[in-house]
Amino acid sequence: MPKASLVSIAAYAPAKILTNLDLEKMVETSDEWITKRTGIKQRRIAQDEDTSDLGTKAARLAIERANLRAKDIDAVICATISPDHFCMPSTACKIAKNLDINSVTAFDISAACTGFIYLLELAKSLIESGSKKNILIIGAEKLSKIVDWADRTTCILFGDGAGAAVVSADSKNEIIDVHTAADGNYAELLITPGGEEKFIKMSGNEVFKVAVQTLTKDVVEILERNKIPSDKIDLFVPHQANLRIIEAVKQRLNFSDEQCVVTVGKYGNTSSASIPMAMNDAYEAGRLKNGDLILLDAFGGGFTWGSALLKFGGESYKR
Ligand code: COA
């Protein structure tokens, strides 16, 4: 059976920065409140670009870093909750078109902030079944179009961006284990109701409590199942929703600052793009090298959640 390996990581963040001070002028809030409750200082906002444009830029770089050409890609899968179009075409189809990748499998998935973990599980299965060889996975979000900019309880949290990776058949640094799950009983706590109500609605406090418990349990279970102690992890990359959630999980698992990647302060919560954007930050800072053991975890609307354990199969970053 072929093994699946994550052979590159890349990201794209739109240029416009929206700071907490900017938000103070839009809703009744303060930099102090946002920083203390979330750790977020700023987020990126896409202006003339849609979700597929953000995804295309990250994807192009991911293919280049995998030392491949667009024609080598045989599937394009995009996780998003803010697609270009309501039903069709999928954002993946538009990204594939922009990259000149035609006549290959292309589709979107919807798993909110856990999107990238779901993508990894899908890509791993498609490679290990022998059905595909090089899969482009993308988490891309223009959340600014589904955020209610008059609702101070949610608009301070989210940002736009994209992250992408290539998963290829390669046995050297494999994706060791991926776990995904969902419980629709919690659907109402984090929702875009639809119809006239197209914006994100969230019961922040309740989401917070379930997120900390679920993430901790999921990470403990994947480490135990694979008999890997937490001090053997080179890089822990949690979903970037709230610094307090990250700190709570980090402390319970005893991860050090050196092990943990935190980018929520500069990007906010970019949903499915958050983990690959954080991985890319670590990669470009020289913190993620070929063969490093990485642990990912995520939690989001649905509720959905998941974790992944993998060795990084890409080349170490060259400036
Ligand atoms: N600025 C100032 N005050 C604000 C505010 C803002 N932006 N947003 C809410 N408040 C107020 C509330 O109205 C409330 O006031 P009250 O006590 O007079 O009623 C008070 O601050 C406390 O609100 P609460 O919602 O209890 O705050 P919190 O400590 O739970 O923090 C979140 C709010 C959203 C930051 C926090 O619940 C959270 O991060 N939840 C998880 C979110 C998340 O990760 N979602 C995505 C999962 S993928």
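Every number for a ligand or one of its atoms is a count from 1 in the order of the listing.
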With atoms numbered from 1 as shown, which atoms in ligand 1 lie under 4.0 angstrom from a non-hydrogen atom of [X]?
| X | answer |
| --- | --- |
| Gly300 | 48 (S) |
| Thr153 | 8 (N), 9 (C) |
| Ala241 | 44 (O) |
| Ile156 | 7 (N) |
| Cys113 | 48 (S) |

Donor on one side chain, acceptor on other, [X] and [Y], under 3.5 Å:
| X | Y | value |
| --- | --- | --- |
| Thr91 | Asp108 | yes |
| Asp218 | His179 | yes |
| Glu141 | Ser272 | yes |
| Asp160 | Ser144 | yes |
| Arg69 | Asn134 | no |
| Ser52 | Asp84 | yes |

Give the table of side-chain donor-acceptor pairs shorter than 3.5 Å for residues 100-107, with sequence neighbours excluded, one pair per line with atom names and distance.
residue : atom : partner : partner atom : Å
Thr105  : OG1  : Lys132  : NZ           : 2.9

When you measure from [atom] to every protein heavy atom, which one gives the shortest distance, and what is it?
| atom | result |
| --- | --- |
| atom 41 (C) of ligand 1 | Gly204 O, 3.6 Å |
| atom 8 (N) of ligand 1 | Trp33 CH2, 3.3 Å |
| atom 22 (C) of ligand 1 | Arg37 NH1, 3.6 Å |
| atom 35 (C) of ligand 1 | Thr38 CG2, 3.6 Å |
| atom 1 (N) of ligand 1 | Thr29 OG1, 2.7 Å |
| atom 45 (N) of ligand 1 | Met202 SD, 3.2 Å |
| atom 47 (C) of ligand 1 | Val207 CG1, 3.9 Å |
| atom 48 (S) of ligand 1 | Phe299 O, 3.1 Å |

If you scan the protein for heavy atoms around [atom], do you find one that is closer than 4.0 Å?
| atom | result |
| --- | --- |
| atom 19 (O) of ligand 1 | no |
| atom 32 (C) of ligand 1 | no |
| atom 16 (P) of ligand 1 | no |

What I want to find out is whether [X] reaches [Y] closely enough, with some N-O distance under 4.0 Å, to be called a salt bridge.
| X | Y | result |
| --- | --- | --- |
| Glu206 | Lys209 | no |
| Asp31 | Lys41 | yes |
| Asp292 | Lys311 | no |

For Asn98 against Arg60, the heavy-atom pair lying closest together
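Scanning both residues, the minimum pair turns out to be O-NH2, 3.3 Å.
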
Heavy-atom nearest neighbour of [atom] within options [options]:
| atom | options | value |
| --- | --- | --- |
| atom 11 (C) of ligand 1 | Arg244, Arg152, His239, Glu206 | Arg152 |
| atom 24 (P) of ligand 1 | Asn269, Leu23, Asn205 | Asn205 |
| atom 34 (C) of ligand 1 | Val212, Asn242, Leu157, Leu243 | Leu157 |

Distance-only N or O hit between ligand 1 and Ser30, under 3.5 Å
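By distance alone, the answer is no.
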
Judging by distance only, is a nitrogen or oxygen of Phe208 under 3.5 angstrom from one on ligand 1?
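It does not: no N or O of Phe208 is found under 3.5 Å from an N or O of ligand 1.
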
Rounded distance [0.5 Å steps], CG in Asp148 versus CD in Glu197:
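Going from CG on Asp148 over to CD on Glu197, the span is 10.0 Å.
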
Taking side chain to side chain donor-acceptor pair (under 3.5 Å) as the definition, give me every residue that meets it alongside Lys201, ordered by chain and number, with sequence neighbours left out.
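Applying side chain to side chain donor-acceptor pair (under 3.5 Å) to Lys201 gives none.
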
Any atom of ligand 1 sitting under 4.0 Å from a heavy atom of Ala211?
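In this structure, Ala211 fails to qualify as a contact of ligand 1 - no heavy atom is under 4.0 Å.
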
In terms of relative ring orientation, are Tyr317 and Tyr283 parallel, tilted or perpendicular, with 30° and 60° separating the classes?
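Plane angle over 60°, so perpendicular.
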
What part of Ile245, side chain, backbone, both or neither, has a heavy atom within less than 4.0 angstrom of ligand 1?
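Within the 4.0 Å criterion, Ile245 contacts ligand 1 through side-chain atoms alone.
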
